[in-house]
Amino acid sequence: MDFIPAKTIVAQVKKHDWFGVDYNMNMYRGCSHGCIYCDSRSHCYRIEHFDTVRAKQDALRIIRDDLIRKRRRGVVASGAMSDPYNPLEEKHKLTRNALELLNAYRFGAAITTKSPLVCRDVSILRDIQVHSPVLVKMTITIDDDALCRVIEPNAPVSSARFSAIKTLSGGGIYAGVLMMPLLPFIGDAEENVVNIVRKAKEHGARFVYPSMGMTLRAGNREYYYEKLDEHFPGVKEKYIKRYGERYNCTVPRVKSLWNVFTSECRRQELRYEMKDIVIDYKRGYTAKQLELF
């Protein structure tokens, strides 16, 4: 594994409206999942050779020093730019060791991943839950495994991710589905959305948080269109006609699809609003989270 230099890793977020997290932490750079829609390919992030995973040099020492300097405890998020449970993690255990540091210094954890490898660390997440909030968001965009292999070719299939949610929930971890992006003309069928919600409930998820569309900008747009031509002939032209150079690409019939989604979530008694999810997973921790060292 290649290493890249870093001065800091645990960075304070400017806004707390994304699942109520206080800090971001990324030990890895790049991602090997090969998802055809990934926004992290965008030129603005300046990540060369994005499909090659590299670790930040001396990451654990930097994380430890960052945590010691924080004046306030809070929830540390991981998975914003690259999956913290990429295949290299199984051997190198940077994410696992970082979670141990969060536990030692009494910080919470919010993980975004597509990998069942997160289940390996259930015991550490349970230790963190003793003193701080823990949240695991499993990204699932497509219910069908065959289609999943096309749009997320190197990631674990959706059925394996649902099974991981079942393991996490069975271990007492607050876990659910991050249903995003919802690809226009590919993943926006009512059947796909309803199936994801129903399977989420069947596997013990506490929530499904959606995005009714995707983002496209320089870098990932060109890559995505190339893959559309390869796997979905004719669909690129629909994007160009409907969205042009737009950044936010909302699915067609968004209102009716939103109504279908919310109705099914209410039927399955799953949370889907950000504020409700945050209140739920932080319940009982607020005073501890604001405690100063």
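Side chains are part of it too, since the values below use all heavy atoms of this structure and drop only hydrogens, waters and symmetry mates. The first residue in the sequence is number 1, and the count goes up from there.
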[X] vs [Y] side-chain heavy atoms within contact, under 4.5 Å:
X: V136; Y: L125; value: yes
X: Q129; Y: Y281; value: no
X: V13; Y: Y23; value: no
X: I4; Y: Q57; value: no
X: K56; Y: P5; value: no
X: L178; Y: T112; value: yes
X: C249; Y: R242; value: no
X: C119; Y: L168; value: yes

Salt bridge flag under 4.0 Å for residues [X] and [Y]:
X: E191; Y: R198; result: no
X: R73; Y: D22; result: no
X: E202; Y: K199; result: no
X: R221; Y: E245; result: yes
X: K114; Y: D83; result: no
X: R96; Y: D121; result: yes
X: D65; Y: R61; result: yes

Hydrophobic clustering (ILVMFWY, side-chain heavy atoms < 4.5 Å, transitive) - are [Y] and [X] grouped together?
X: M214; Y: M179; answer: no
X: I62; Y: F3; answer: yes
X: I279; Y: L135; answer: no
X: I277; Y: V75; answer: yes
X: M25; Y: M81; answer: no

Can you check whether [Y]'s main-chain N or O pairs, donor with acceptor, with [X]'s side chain at less than 3.5 Å?
X: R54; Y: G30; answer: no
X: D66; Y: I9; answer: yes
X: E90; Y: P87; answer: no
X: N192; Y: G187; answer: yes
X: R149; Y: V157; answer: no
X: T113; Y: S115; answer: yes

Working note: L67 + F107, criterion side-chain contact (heavy atoms from CB on, under 4.5 Å); need CA distance, chi angles, decisive distance, verdict. CA-CA 8 Å; L67 294 176; F107 283 78; 3.9 Å; yes
Start with the C-alpha gap between E190 and R253, add the side-chain angles, then the distance that decides, and say whether salt bridge (charged side-chain N to carboxylate O under 4.0 Å, His left out) holds. CA-CA 10 Å; E190 289 185 9; R253 308 178 307 280; over 6 Å; no
Side-chain donor-acceptor contact under 3.5 Å, Y28 with E89: yes
Can a side-chain donor-acceptor contact be found between N154 and S32 if the only test is distance below 3.5 angstrom? no
State whether the number of non-hydrogen atoms from other residues, nucleotides or ligands found under 6.0 Å of [X] atom [atom1] is greater than 12.
X: R126; atom1: CZ; value: no
X: E237; atom1: CD; value: yes
X: K201; atom1: NZ; value: yes

Would you check, one step at a time, whether the test side-chain contact (heavy atoms from CB on, under 4.5 Å) holds for T141 with E152? CA-CA 9 Å; T141 62; E152 299 161 340; 2.9 Å; yes
Stepwise, does the side-chain hydrogen bond (donor to acceptor under 3.5 Å, both in side chains) test hold for H131 with N103? CA-CA 8 Å; H131 54 76; N103 185 37; 2.8 Å; yes
Tell me the closest heavy-atom pair linking [X] and [Y], and the distance in Å.
X: G108; Y: L102; answer: O-CD1, 3.7 Å
X: S158; Y: I142; answer: OG-O, 2.5 Å
X: V254; Y: M212; answer: CG2-CB, 3.7 Å
X: C265; Y: Y272; answer: CB-CD2, 3.5 Å
X: S211; Y: L182; answer: O-CB, 3.2 Å
X: Y224; Y: Y37; answer: CD1-CA, 3.9 Å

Is R41 positioned over the aromatic face of F50, cation under 6.0 angstrom from the ring centre and no more than 45 degrees off axis? no
Apply ring pair (Phe, Tyr, Trp, His ring centres under 6.0 Å) to the pair Y209 and F19, showing each step before the final yes or no. CA-CA 10 Å; Y209 186 76; F19 289 97; 5.3 Å; yes
Atom [atom1] in [X], atom [atom2] in [Y]: separation rounded to 0.5 Å?
X: K93; Y: M27; atom1: NZ; atom2: CE; result: 14.5 Å
X: T250; Y: D188; atom1: OG1; atom2: CG; result: 11.0 Å
X: S40; Y: N220; atom1: OG; atom2: CG; result: 9.0 Å
X: T95; Y: Y85; atom1: OG1; atom2: OH; result: 5.5 Å
X: I240; Y: L228; atom1: CD1; atom2: CG; result: 9.5 Å
X: N86; Y: H92; atom1: CG; atom2: NE2; result: 9.0 Å

Considering residues at least two apart in sequence or located in another chain, which fulfil the side chain to side chain donor-acceptor pair (under 3.5 Å) criterion with Y45? D39, R217
Evaluation steps, ring pair (Phe, Tyr, Trp, His ring centres under 6.0 Å), between F185 and Y239: CA-CA 9 Å; F185 310 111; Y239 275 78; 5.7 Å; yes
Please assess F162 against I140 for the test side-chain contact (heavy atoms from CB on, under 4.5 Å), listing each intermediate value before the final yes or no. CA-CA 8 Å; F162 280 118; I140 301 176; 3.6 Å; yes
Please report the C-alpha distance between V150 and F232 in whole Å, then the side-chain angles of each, then the deciding distance to 0.1 Å, and finally whether the side-chain contact (heavy atoms from CB on, under 4.5 Å) criterion is met. CA-CA 10 Å; V150 174; F232 306 97; 3.9 Å; yes
List the steps, then state whether salt bridge (charged side-chain N to carboxylate O under 4.0 Å, His left out) holds for D229 with K236. CA-CA 7 Å; D229 282 340; K236 179 184 74 175; 2.9 Å; yes
Passes side-chain hydrogen bond (donor to acceptor under 3.5 Å, both in side chains), S159 versus D145? Steps please. CA-CA 7 Å; S159 59; D145 281 354; 2.6 Å; yes
